[in-house]
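Single-structure report; data block below.
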Amino acid sequence: MADITITPRTRSRTRLERPRLHKVILLNDDFTPRDFVVKVLQGEFRMDEPQAHKVMQTAHQRGVCVVAVFARDIAETKATNATEAGRARGYPLLFTTEPEE
Ligand code: TYC
């Protein structure tokens, strides 16, 4: 049998945690028209009309709805753009982000 030389590892391998995903959350308000919310969801989150309507309706009834989940910078950019689309029209429409557990 051949001799086997085992070289001990001198540096320990650091396991990197996978970066946490972030939720984009839509908040209800009393002023933004429903159709406008649906259009923003379609435009910024690439949803079709029935999907966007469902998300809008959930936020309208429950106060909040998770729109989608992304890497942090993408979630923040989309939430900012979508909030800004409402602000540009004078609506208080608000999207926020939070890390997934
Ligand atoms: N509540 C709004 C209205 O009655 C519609 C709306 C739905 C606004 C969802 C924001 O996230 C929202 N016009």
Side-chain angles (χ1 to χ4, degrees):
M1 244 241 257
D3 284 346
I4 299 172
T5 312
I6 297 172
T7 313
R9 202 183 279 287
T10 50
R11 280 196 290 170
S12 63
R13 209 181 280 171
T14 306
R15 282 212 181 276
L16 292 177
E17 302 259 323
R18 200 187 284 274
R20 272 209 282 182
L21 294 171
H22 283 58
K23 298 182 275 196
V24 175
I25 297 161
L26 169 64
L27 284 81
N28 187 35
D29 67 71
D30 291 338
F31 302 101
T32 310
R34 290 162 178 245
D35 288 356
F36 183 77
V37 179
V38 171
K39 286 274 180 271
V40 170
L41 289 167
Q42 288 182 260
E44 192 62 36
F45 298 95
R46 297 166 158 270
M47 291 183 175
D48 61 21
E49 208 274 340
Q51 273 180 300
H53 191 274
K54 200 169 161 189
V55 169
M56 179 282 296
Q57 194 62 21
T58 301
H60 179 71
Q61 288 172 342
R62 300 186 170 190
V64 293
C65 183
V66 175
V67 178
V69 170
F70 301 101
R72 183 163 79 149
D73 58 340
I74 296 171
E76 286 174 353
T77 301
K78 285 184 180 288
T80 301
N81 289 349
T83 299
E84 180 53 32
R87 209 194 65 84
R89 296 280 296 268
Y91 299 135
L93 182 64
L94 185 59
F95 291 79
T96 60
T97 64
E98 67 174 59
E100 275 207 316
E101 299 79 40

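As the structure is a computational prediction, the values presented were derived from the model and not from experiment. Counting convention: from 1, in listed order, for ligands and their atoms alike.
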Please give the remaining members of the hydrophobic cluster of Phe31, linking ILVMFWY side chains under 4.5 Å, ordered by chain and number. none
If you measure from NZ on Lys39 to CE on Met47, what distance do you get to the nearest 0.5 Å? 14.0 Å
Considering residues, nucleotides and ligands other than Asp48, do more than 12 of their heavy atoms fall under 6.0 Å from its CG? yes
Short side-chain to backbone donor-acceptor contact, Arg72 and His22, under 3.5 Å: no
Is Lys23 salt-bridged to Glu101, going by a charged N under 4.0 Å from an acidic O? yes
Taking a hydrophobic cluster as the set of Ile, Leu, Val, Met, Phe, Trp and Tyr residues connected by side-chain heavy atoms closer than 4.5 Å, whether directly or through intermediates, do Ile25 and Phe45 fall within one such cluster? no
Below 3.5 Å only, please: the N or O atoms of ligand 1 paired with protein N or O atoms, distance on each line.
from	atom 1	to	atom 2	distance (Å)
ligand 1	1 (N)	Asn28	OD1	2.8
ligand 1	1 (N)	Asp29	O	2.7
ligand 1	1 (N)	His60	ND1	2.9
ligand 1	11 (O)	Leu27	O	2.8
ligand 1	13 (N)	Thr32	O	2.9

